[in-house]
Structures are given as C-alpha cells and as structure tokens.
Amino acid sequence: MGGYSMRRKIVNRLMFALTALCALASLSTLFFVLGYISYRGLSSINWAFVTRLPKPIGETGGGIANSIVGSAKIVGLASLMGVPVGVLGGVYLSEYGHNKTGFCIRYAADVLTGIPSIVMGLFAYVLVVIPLKHFSALSGSVALAIIMVPVVLRNTEEFVQLVPHTIREAALALGVPQWKVVMRVVIPTASRGIVTGSLLAVTRIAGETAPLLFTSFGNPFWDNGWMNPMAALPHTIFTYAISPYEELHRQAWAAALILIAFVIAVNAGTRLLLRPSTGVSH
Amino acid sequence: MPAVQRTAAEERIDSRSKRVTGLRERAGDRAFRWFVAGFGWMIIALAVMVGLQLAVGSQLTWTKLGAPFLWKSDWDPVAEKFGALPFIYGTLVSSALALLIAIPLGVGSAIFLAELAPRRVSDACTFLIELLAAVPSVILGLMGIFLLVPAVRSVEPTLTKFLGFLPLFRGVPYGVGLLTAGLILSIMILPFITVITREVLLAVPRSLKEAMLALGATHWETVVGVSLPYARSGIAGAVFLSLGRALGETMAVTMVIGNTPKISWSLLDPSYSMAAVIANELTEAVGDLHLSSLIAIGLTLFAITVVINGLARLMIYRVTRRGAAA
C-alpha cells in the first residue's frame with residue numbers, strides 16, 4: 001500500500017515538474033528571440049541608418065528612413081480609418097447589442113479576427129489595387145484597417161461594458177438624453193481601455209507584412225503621395241532577408257531590432273500602464 | 001385568432017421594456033442608435049464582402065477549371081496548368097506538425113500556470129507569453145532563415161540515420177521544408193494555446209477539484225481527472241483557434257518552407273503553402289488565369305479558416321459561459 005501511494009506521489013511531482021519545464025521552454029523562447037535580435041541588430045544601428053535612404057546594392061551604408069516613415073504613414077492612415085469604426089461599433093455592441101444583431105456582429109468580428117492577414121491583403125488588392133490599376137500606400141492602409149477593426153471593436157465593447165450602470169443612471173436621471181450620456185459620460189469613462197485596445201491593435205498591424213506585399217508594395221525611395229507605392233518596415237525586412245547580399249542581411253537584423261523594440265515597448269507599456277492582464281487579444 | 005393577438009401584445013410589451021426609460025425614445029437617441037448600429041453592421045458587411053470579392057476575383061478559375069482545381073497537383077503557370085493540391089497539402093501538414101509540437105507544450109505550460117504557480121507569478125508569466133504572440137511573424141521568419149534552417153540542416157542527417165526507416169524522414173537535408181515550417185509555426189501558436197487553456201483551466205469550479213482532492217486524489221490526478229475533462233471543449237477551441245492561425249500564417253512560413261510545389265511524404269523535403277504561394281506569385285502573375293487561381297487559393301484559405309474559427313468560437317463560448325454560470 002505504502003509503495004503504491006509513494007508511486008502516486010512521485011508521478012504527481014514528476015508531472016508537475018514536466019509542466020514547469022514546458023512553461024520554462026515557452027518563456028525562454030521569448031527571451032531568446034529578443035536577445036538574439038538585439039545581439040545581431042545592435043551593432044548596425046546608428047544615426048545614419050535611421051535617417052538615410054537605402055543605397056544601391058554593392059555600396060555599404062545606406063539606411064531605412066523611408067521604411068520607418070512609410071510604416072508610420074501607412075499605419076497612421078489605417079488607424080484613422082479603423083479606430084473610429086471599431087470604437088463606434090463597440091459602443092453599439094455594449095449599449096444596444098444585447099440582441100440577435102449584436103450576436104451576429106460579435107460573431108462576424110470574431111470570424112474576421114481569424115481570417116489570415118494575407119487574405120485581407122488579397123481583399124484590398126481586389127478592392128483597391130485592381131480598380132486603380134497600380135499599387136498604392138492607400139490600399140495597404142485599407143488592408144491594415146480591416147485587420148484592425150475587429151480587434152478594436154471587441155476591446156471597446158469589453159471596456160464600455162465595465163462602466164458602472166449607476167453612472168449612466170445618474171446622468172439619465174438628470175434628464176440628459178441617452179446619446180449624450182454615451183458620448184459625454186460613458187465613452188470618457190472607458191477612454192483608458194479604448195486607448196489601450198487601439199494601441200494594441202496598432203502594434204499588431206505595425207508588424208504585418210503579408211497584406212502589404214501586393215498593396216503598398218515597397219519602394220526604395222521617398223514615397224510620393226498616397227496613391228503610389230510606399231516602403232514599410234516589415235516589408236523591407238522581408239525583402240532584405242530573402243536577398244542574397246550580406247550587407248542587406250545585416251540591415252535586415254538592424255531593422256528587425258527597431259521594429260521589435262517598437263512593438264514590444266508599446267505592447268508591454270500599454271498593458272502594464274493601462275490595464276491588468278487579460279487574455280491574448282483573441 | 002386570440003392567440004395571435006396575445007403574441008402581438010407581448011411583442012409590444014417586449015419592445016417597450018427594452019428601452020431604458022420605458023418612455024418614447026427621443027429623436028436624437030434614435031438617430032444615435034441608428035448611427036452606431038451602422039458601424040456595427042459594417043462589420044457584418046465587411047465579413048461578407050471579403051468572401052464575395054474573392055469569389056468574384058476567382059470566377060475565371062472556377063468556370064474554366066471547376067472544382068478539380070482543388071485536387072489537381074500540377075502547378076505550372078507558364079503552361080497554364082493550375083492545381084491547388086500541393087499548397088493545400090503543405091499547409092495542412094505544416095500546421096498539423098505545429099499542433100503536434102505546440103499542444104503538449106502549451107497545455108503543459110497552462111497546467112503549470114493555472115494549477116501550480118502562485119497567482120502573481122502566473123500572471124507575470126502569462127504577460128510575457130502574450131508578448132511572444134506580439135512578435136511580428138517576419139521577425140520569426142528572419143530568425144528562421146538564418147538560425148533555424150542551418151540548425152535543422154545539421155540535424156537532418158542524424159534524423160535520417162535513426163528514423164530513416166520511416167518515409168517521413170528520408171531525403172536530402174536542405175534545411176528548408178515542412179519540418180522547419182512546422183517548428184516555426186509551433187512557436188507562433190504556442191502563446192495562444194497556453195493563454196486560452198490557462199483561462200479555461202482557471203474557470204474550472206473549485207468545488208469539483210476539492211471534491212476529488214477530498215477523496216484522496218493527488219493534485220495531478222485531480223488535474224487529469226477533473227480539470228482537463230471539464231476544460232476539454234475549451235482546450236479544443238484553443239487548438240482550433242491556433243490551427244486557424246497556423247493555416248493562414250504567411251511570412252515565417254514563406255521564408256522557411258522552401259517554396260516548391262511538390263507533394264512528398266518526407267518532412268525534410270521543401271514544400272509550399274497556400275499563403276506562401278499567394279505571397280510569392282501574386283505580384284508576378286503571368287496572366288488572368290494565374291491571378292484568378294491565386295485568388296481562388298485565397299478564397300479556399302478564407303473558407304477553411306472561417307469554418308475552423310467558427311467552430312473554435314462556439315467551443316470557447318460554451319465553456320466560458322458554463323464557467324461563469326457555475
């Protein structure tokens with residue numbers, strides 16, 4: 001009997017030790033990725049790299065300034081399109097969406113979240129690039145905006161719902177029309193959460209490459225307006241990485257370090273400062 | 001007739017009680033409600049439009065080649081031969097491989113985080129694991145090209161030597177191929193499996209676990225006997241959700257899978273995935289049929305992920321509802 005129970009205790013210990021190892025492995029993957037990118041990228045980052053244009057292949061030096069600015073512009077325009085739609089849709093879900101329509105919208109949003117980003121790029125290609133007959137920064141922003149909308153929407157809903165009913169009722173009891181209650185009381189109260197959700201969505205689309213391959217397309221020079229191809233950081237990393245040139249590989253690591261530093265800093269920063277940890281934005 | 005009248009009256013009461021004050025809705029409130037509802041409907045319209053646009057864009061392929069497009073295996077754009085099977089095969093096998101690696105690791109980590117680790121440690125670890133999900137896939141692809149591919153290449157001869165009796169591990173050690181793609185995909189989906197499984201495990205009612213512990217079970221036996229079965233459907237949801245991710249993942253896979261439209265038993269051979277072929281060939285499509293076939297592959301990918309995500313959502317909804325109610 002004693003041996004039997006001993007065996008059970010050993011199994012208990014052993015299996016939990018194994019699960020701890022699993023957790024350790026998952027965590028060390030993150031630290032390894034961050035450490036290795038820093039190790040390879042740090043030596044190539046200098047002022048010239050972030051302020052200059054790429055040089056022709058064969059010459060050393062040259063920077064990725066156009067990609068950084070291009071990324072900022074494409075992501076910025078995408079946020080201008082995506083955030084308002086997501087926020088107002090989220091307000092609808094939380095304030096009026098406890099019915100069948102609300103369920104359908106929630107379901108559609110969750111399904112949209114799961115659609116691969118390359119399919120969204122394809123959608124933007126069919127929707128914008130084919131009718132206009134050329135690649136454009138605008139089409140890249142459209143693709144990224146569509147990826148962003150469901151994430152912002154579900155986040156906004158979650159946070160608007162957290163606003164206590166008593167606050168709404170207090171305002172309503174004073175005779176304030178409901179739309180004003182929502183706009184002036186509910187949304188400002190939930191604004192921290194809404195900002196967090198939007199920033200997290202921005203970090204998600206800032207690293208997207210696949211939807212930009214055939215929409216904003218990339219461009220080795222300064223961009224020329226919204227209707228022309230534009231460089232973006234993740235896309236530049238991709239083209240440099242698959243090129244056969246040592247010099248471009250070096251620059252790809254440096255660009256990767258800049259991108260990952262931005263994504264991790266904003267992601268971790270917003271989650272630490274603005275909200276307690278909940279689930280992955282699924 | 002009276003029955004019908006009663007229903008109408010009930011409906012009237014129903015619709016009135018939905019309004020906040022029970023009075024007539026003000027014009028401004030109604031306008032606002034319709035305004036925000038418009039944005040909600042946009043989401044549904046968007047989801048429908050994605051499918052419709054891809055269907056329209058790929059019409060040429062469906063009319064010219066029909067359904068056999070999906071199970072033909074030649075892909076030769078110059079000869080205008082198009083069959084999507086090699087891509088579907090590569091996508092499915094690399095994703096299956098990723099699940100095979102990530103499920104035990106992810107569920108193991110989740111058990112540790114939900115059952116063993118103190119709440120604060122667990123929260124901190126979850127925070128970090130969520131950060132792993134934020135790493136852009138092009139960066140994992142970059143590490144794949146320069147780190148994982150050479151590593152896999154150096155291990156492959158050993159694999160062939162010891163496991164070569166299986167057709168899965170035969171062939172030339174290229175480094176790029178299904179195995180490498182599966183490895184990199186497993187890193188990408190690991191956070192999703194871990195975080196969702198942890199959430200589901202935390203939703204298991206305490207009373208159930210305590211009942212089993214009180215009967216003399218060890219902690220591990222409680223996990224296996226109560227927590228995992230209770231959370232089964234939620235874990236399945238997490239797995240399906242990650243599968244949806246893996247199937248559509250583009251950049252990292254494109255960079256390490258080898259991009260060869262060929263069906264081979266061996267995991268060491270280069271292959272191709274649906275997302276990767278779209279990424280590589282769309283801008284250089286050599287004709288209308290080629291372009292339309294690539295969009296058709298996109299539509300297929302869309303359809304697969306919608307079905308898989310739909311199922312995953314239903315499973316997760318079910319568990320978290322039940323957990324909240326208990």
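Naming: A, B, ... by sequence-line order, numbering from 1 per chain.
- Listed options B:N309, B:I44, B:I145 were ranked by heavy-atom pairs under 4.5 angstrom with chain A; first place goes to B:I44.
- In this structure, chain B has a heavy atom under 4.5 Å from the side chain of A:Y96, while its backbone stays farther away.
- Proximity to chain B involves both the backbone and the side chain of A:A109, based on heavy atoms less than 4.5 angstrom apart.
- With sequence neighbours excluded, the residues forming a ring pair (Phe, Tyr, Trp, His ring centres under 6.0 Å) with B:F39 are B:F35, listed by chain and number.
- Using a 4.5 Å cut-off between heavy atoms, A:V182 touches chain B through its side chain atoms alone.
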Assess whether side-chain contact (heavy atoms from CB on, under 4.5 Å) is satisfied between A:R204 and A:N267, documenting all intermediate values. CA-CA 9 Å; A:R204 164 138 186 229; A:N267 188 299; over 6 Å; no
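- Looking at B:I295, the atoms closer than 4.5 Å to chain A (heavy atoms on both sides) sit in the backbone and in the side chain alike.
- If you tally non-hydrogen atom pairs under 4.5 Å between each of B:S109, B:A37, B:G248 and chain A, the highest count goes to B:S109.
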I would like to know whether A:R271 and B:E130 meet salt bridge (Lys or Arg N to Asp or Glu O under 4.0 Å); could you show each step before the answer? CA-CA 10 Å; A:R271 285 198 293 145; B:E130 282 178 10; 2.2 Å; yes
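- For the options B:A279, B:G57, B:G244, heavy-atom pairs under 4.5 Å to chain A are most numerous at B:A279.
- Proximity to chain A is limited to the side chain of B:L54, based on heavy atoms less than 4.5 angstrom apart.
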Under the side chain to side chain donor-acceptor pair (under 3.5 Å) criterion, do A:T113 and A:R154 qualify, and how do the steps go? CA-CA 10 Å; A:T113 318; A:R154 294 291 283 181; over 6 Å; no
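- Contact annotation for A:L93: neither backbone nor side-chain heavy atoms come within less than 4.5 Å of a heavy atom of chain B.
- You'll find the side chain of A:V186 reaches within 4.5 Å of the side chain of A:R168, heavy atoms only.
- Contacts of B:M255 with chain A are made by side-chain atoms alone, with heavy-atom separations under 4.5 Å and no backbone atom involved.
- Within the structure, side chain to side chain donor-acceptor pair (under 3.5 Å) pairs that include any residue of residues 14-24 of chain A do not occur (at least two apart or interchain).
- When ring centroids are compared, A:H249 and B:F146 come within the 6.0 Å threshold.
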For B:R313 and B:L241, run side-chain contact (heavy atoms from CB on, under 4.5 Å): C-alpha distance rounded to whole Å, both residues' side-chain angles, the deciding distance at 0.1 Å, then the answer. CA-CA 8 Å; B:R313 290 296 168 187; B:L241 211 59; 3.9 Å; yes
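- Chosen from A:I115, A:I118, A:T29, A:I260, the residue pairing most often with chain B at heavy-atom distances under 4.5 Å is A:I118.
- Relative ring orientation between A:W253 and A:Y36 is described as perpendicular, the plane-to-plane angle rising above 60° on a 0-90° scale split at 30° and 60°.
- To the nearest 0.5 angstrom, A:F262 atom CZ is 7.5 Å from A:T203 atom OG1.
- When each of B:T254, B:L140, B:L128, B:I111 is scored by its heavy-atom pairs under 4.5 Å with chain A, the top score falls to B:L128.
- The contact between B:V223 and chain A is made entirely by side chain atoms (from C-beta outward), counting heavy-atom distances below 4.5 Å.
- With respect to the salt-bridge test (charged N to carboxylate O, under 4.0 angstrom), the residues A:R106 and A:D110 do not qualify.
- By the neighbour-count criterion of 12 heavy atoms within 6.0 Å, atom CZ of A:F16 is densely surrounded, having more than that number from other residues, nucleotides or ligands.
- Of the two parts of A:V263, only the side chain, counted from C-beta on, holds a non-hydrogen atom closer than 4.5 Å to a non-hydrogen atom of chain B.
- Using a 4.5 Å cut-off between heavy atoms, A:L153 contacts chain B through its side chain alone, with no backbone atom that close.
- Both the backbone and the side chain of B:M49 come within contact range of chain A, with heavy atoms under 4.5 Å apart.
- Looking at B:I187, the atoms closer than 4.5 Å to chain A (heavy atoms on both sides) all sit in the side chain, from C-beta outward.
- For B:E249, no part lies under 4.5 angstrom from a heavy atom of chain A.
- Between chain B and the residues A:I37, A:L112, A:V11, A:V111, the most heavy-atom pairs under 4.5 angstrom are made by A:L112.
- Contacts with chain A were tallied for B:L147, B:L247, B:I308; B:L147 has the most, counting heavy-atom pairs under 4.5 Å.
- Both the backbone and the side chain of A:T209 come within less than 4.5 Å of a heavy atom in chain B.
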Evaluate side chain to side chain donor-acceptor pair (under 3.5 Å) for A:E157 paired with A:S94, printing each intermediate quantity in order. CA-CA 5 Å; A:E157 185 201 355; A:S94 155; over 6 Å; no
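- Heavy atoms of A:V149 lying under 4.5 Å from chain B belong exclusively to its side chain.
- Among the candidates B:L294, B:T250, B:I297, B:L190, the residue making the largest number of heavy-atom pairs closer than 4.5 Å to chain A is B:T250.
- Heavy-atom distances place the side chain of A:F135, and not its backbone, under 4.5 Å from chain B.
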Run the numbers on B:R33 and B:D29 for salt bridge (Lys or Arg N to Asp or Glu O under 4.0 Å), then give the verdict. CA-CA 6 Å; B:R33 184 160 57 90; B:D29 287 346; over 6 Å; no
